[in-house]
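Accompanying notes for the structure given below.
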Protein chains: 2
Amino acid sequence: MVKKPISDPPACTGNLLAMRDTLETLGGKWKLLILHYLIVREDDSNTFKKMERDIDGISSKMLSKELKDLEANKLIKREEQKTKPIKVEYSITEYGKSTKEIIDILVNWGKKHRINILESYE
Amino acid sequence: MVKKPISDPPACTGNLLAMRDTLETLGGKWKLLILHYLIVREDDSNTFKKMERDIDGISSKMLSKELKDLEANKLIKREEQKTKPIKVEYSITEYGKSTKEIIDILVNWGKKHRINILESYE
DNA sequence: CAGCATCCCGTGGGATACTG
DNA sequence: CAGTATCCCACGGGATGCTG
């Protein structure tokens, strides 16, 4: 069963509503990190365990929850292989790649910001 | 006294660190809303009370805190007029305007996302 | 391996009231 | 008007352990 990916309209419209949607969909501590991980490793086989190991500090509980949220929003794809033991692979969807421009802009802004702020303290 | 605008280096570097910086600086429930507000109203006189009234749902405590954080990061400017009663005006800085491209991208992504997700439920 | 169940805690953030 | 001070709670999220 897929959880509702977007909440009911809040008391705002237009641009604010849209921004709220984005923040709700991509916000939280791990979602963008996970997307970034899967975008960079698009051609790899990314299993749950591998991600848990690679993404520094994440717990299995949070990884599981965030993966579900991202899947509900069609940003990532989950593929289960009925082997024994079971193996699951996660990958970025074409749609999920649309978050790359967001990630890039956040990365670039962060780099500039660190320089700007730090040099003003010298 | 100005609070430290950027936290100590976490256990990550490069792109991840940069993204974390951005999220830390602009994250939270209200920062981007406030920046958006001040960017749109660049030529207005934006006082504390006015913002508290206009930004739907924000409390004076949060508004006060977020304004301080944004000022510490040089994204907004605070100007106090020693009148009676005291009057304070807030405005976006030139540097603060650099967040506009982030806001725009989040707004645009949110608009598309709502359409994409909602139509897949019809 | 992939993930859920439990327990638990810090803190983001709301409500209300008060001050210079 | 422009905030501060308190109180308080929900919930994000960590740690540990268990199951199919």
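Residue numbers begin at 1 in each chain, while the letters A, B, ... track the order of the sequences.
With sequence neighbours excluded, no residue satisfies ring-ring contact (aromatic ring centres under 6.0 Å, His included) with W30(A).
Using modelled atom types and a 3.5 Å distance limit, the side chains of K50(B) and Y37(B) yield a donor-acceptor pair. Side-chain polar atoms of E89(A) and T47(A) form no donor-acceptor pair below 3.5 angstrom. Side-chain atoms of T99(A) and W109(B) form no donor-acceptor pair, as typed in the model, at a separation below 3.5 Å.
In this structure a side-chain-to-backbone donor-acceptor pair under 3.5 Å is present from T22(A) to A18(A). At distances below 3.5 Å, at least one donor-acceptor pair connects side-chain atoms of T25(B) with backbone N or O atoms of D21(B).
Counting non-hydrogen atoms under 4.0 angstrom, T83(A) reaches nothing in the nucleic acid.
First and last contacts of DNA chain D with chain B, using any nucleotide atom under 4.0 Å from a protein heavy atom and ordered 5' to 3', fall at dC1(D) to dC7(D).
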Seminar exercise, completed: The contact string for nucleotides 4-20 of chain C, one letter per nucleotide 5' to 3', using protein heavy atoms under 4.0 Å with B, S and - for base, sugar-phosphate only and none, comes out as B-BB-----BBB----B
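Salt-bridge formation is detected for the pair E42(A)/K97(A): a Lys NZ or Arg NE/NH1/NH2 atom is positioned less than 4.0 Å from an Asp or Glu carboxylate oxygen.
To the nearest 0.5 Å, atom CZ of residue R41(A) and atom CG of residue D43(A) are 12.0 Å apart.
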